[in-house]
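Have a look at the structure below before the remarks.
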Amino acid sequence: MAFENITYGCEDGIAVITFNRPKALNALNAALLAEFCEALEDVENDAAVRVLVLTGAGEKAFVAGADINEINRLGPLGAKRFARRGAESITRLTRLPLPVIAAVNGFALGGGTEMALACDFIYAAQSARFGLPEINLGIIPGFGGTQRLPRLIGPAMARELIYTGRMVAADEALSIGMVNRVCPDGELMDAVQETARVMAAKGRVALRAAKQAVNTGLNVDLESGLALENDAFALCLASPDAREGTSAFLEKRPAVFSGHLDDDER
Ligand code: CO8
């Protein structure tokens with residue numbers, strides 16, 4: 001399908017979805033979210049994709065939020081439907097069996113910050129700005145922000161940001177644990193690609209198991225999380241990549257992972 005509001009491409013196992021409505025600072029409208037879902041479907045069904053990167057087109061924004069023109073026209077039922085659809089498509093990022101990096105250039109506000117929070121981690125350009133300014137519009141975050149931000153940076157700081165709508169610059173986002181790395185403007189995608197390449201070369205089963213263990217484990221008690229890790233660890237040993245990784249170490253050579261889920265997949 002030809003996309004109008006995003007671009008999607010994949011090279012050397014690294015897929016990139018770019019939010020592409022620069023005139024509206026890449027705001028998330030219904031059409032964009034539908035295309036985003038289609039692209040995620042492709043990512044999920046394409047075994048060649050090992051890492052997904054999300055970024056925004058243009059110099060100014062990653063995503064400046066949900067489209068306020070559309071929100072302005074919604075009643076409560078429409079808002080519930082729009083918010084649920086958006087939240088569900090964003091939540092799919094957490095369930096994708098591969099790492100997702102948010103490469104945040106410029107503004108990531110409202111739904112933009114919420115999109116980034118659903119990624120595995122965030123790299124930010126020096127000029128990036130994060131925030132949940134929904135309170136200034138008389139609404140609250142509706143794409144998961146009230147749930148994911150407190151889990152990531154702690155409830156007290158999350159409350160302050162949600163209640164005031166204050167924007168934080170990239171350096172502050174780094175200091176409160178919201179982003180993993182801040183890069184000079186213009187070097188963001190190189191840094192993201194470098195980390196993505198490192199992960200893309202690892203075993204696919206192991207990456208999938210690690211993501212599932214971390215994400216599911218965050219929502220259960222420690223004992224259940226440890227049991228889950230134990231199962232996921234055992235599953236890795238069924239993969240050709242576990243044999244390759246351990247044999248390569250013993251044979252003192254670099255591992256070359258096939259990414260096959262099992263011996264039948266060739
Ligand atoms: N929606 C629609 N259009 C937008 C949005 C947006 N979120 N953000 C920017 N735009 C548009 C502007 O209207 C403007 O359009 P035009 O040129 O036609 O007037 C264009 O983008 C450029 O924006 P500005 O002229 O405002 O650029 P500035 O550099 O002056 O300011 C800002 C940049 C600070 C980013 C400013 O645009 C801004 O504050 N934007 C809104 C940010 C915001 O409040 N985001 C939260 C939105 S609500 C949300 O995300 C809720 C998520 C849950 C939704 C649940 C659904 C029911």
Side-chain angles (χ1 to χ4, degrees), residues 3-7 17-37 40 54-94 100 102-119 122 124-153 157-173 178-179 182 185 188:
F3 295 121
E4 286 174 14
N5 299 286
I6 63 167
T7 63
I17 295 177
T18 305
F19 303 110
N20 190 28
R21 296 181 70 211
K23 283 191 181 135
L25 304 188
N26 305 322
L28 307 171
N29 61 7
L32 185 152
L33 284 170
E35 292 181 9
F36 178 63
C37 275
L40 290 186
L54 303 185
T55 194
E59 298 295 301
K60 260 183 96 169
F62 174 72
V63 167
D67 192 308
I68 299 171
N69 296 295
E70 290 194 357
I71 295 176
N72 178 253
R73 291 194 291 264
L74 292 173
L77 288 181
K80 196 169 171 66
R81 198 176 313 123
F82 184 11
R84 196 181 54 234
R85 277 196 194 137
E88 277 170 5
S89 53
I90 287 172
T91 293
R92 283 180 69 175
L93 294 169
T94 66
V100 185
V104 174
N105 50 317
F107 292 108
L109 299 176
T113 278
E114 295 176 286
M115 180 74 79
L117 290 172
C119 296
I122 304 170
Q126 189 69 53
S127 61
R129 296 282 178 279
F130 296 84
L132 293 174
E134 286 91 339
I135 203 84
N136 301 325
L137 302 169
I139 57 176
I140 67 166
F143 290 162
T146 63
Q147 303 307 303
R148 293 200 174 95
L149 191 61
R151 282 169 168 80
L152 186 63
I153 66 171
M157 184 56 88
R159 284 189 197 104
E160 183 184 325
L161 295 182
I162 293 167
Y163 300 170
T164 62
R166 179 169 74 83
M167 275 190 229
V168 299
D171 286 333
E172 184 179 354
M178 212 169 151
V179 313
V182 177
D185 289 354
L188 173 66

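All figures in this text were calculated on a predicted structure; none of them were measured in a lab. In listed order, ligands and their atoms are each counted from 1.
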Side chain to side chain contact (heavy atoms under 4.5 Å, CB included) partners for L33, two or more places apart: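 Partners of L33 by the side chain to side chain contact (heavy atoms under 4.5 Å, CB included) criterion, ordered by chain and then number, come out as L28, F82, S89, F143.
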Side chain to side chain contact (heavy atoms under 4.5 Å, CB included) partners for A125, two or more places apart: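 Only S127, D185, L188 meet the side chain to side chain contact (heavy atoms under 4.5 Å, CB included) criterion with A125.
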Check: A57 main-chain N/O paired with N20 side-chain donor or acceptor under 3.5 Å: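 No; judged by distance alone, with no hydrogens or angles, the pair does not exist.
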Side-chain touch F62/L54, heavy atoms, less than 4.5 angstrom: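 A side-chain contact under 4.5 Å exists here.
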Pairwise, report which nitrogen or oxygen atoms of ligand 1 are under 3.5 angstrom from protein nitrogen or oxygen atoms, and how far apart they are.
unit_1, atom_1, unit_2, atom_2, d
ligand 1, 1 (N), I68, N, 2.9
ligand 1, 7 (N), A64, O, 3.0
ligand 1, 7 (N), A66, O, 2.9
ligand 1, 21 (O), K23, O, 3.4
ligand 1, 27 (O), K60, NZ, 3.3
ligand 1, 29 (O), K60, NZ, 2.5
ligand 1, 45 (N), A64, O, 3.0
ligand 1, 50 (O), A66, N, 2.7
ligand 1, 50 (O), G111, N, 2.8

Partners passing side-chain hydrogen bond (donor to acceptor under 3.5 Å, both in side chains) against T91 (at least two apart in sequence or in another chain):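 By the side-chain hydrogen bond (donor to acceptor under 3.5 Å, both in side chains) rule, T91 matches R148.
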Gap separating the OG1 atom of T7 from the CD1 atom of I17, nearest 0.5 angstrom: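 Result: 9.0 Å between the selected atoms.
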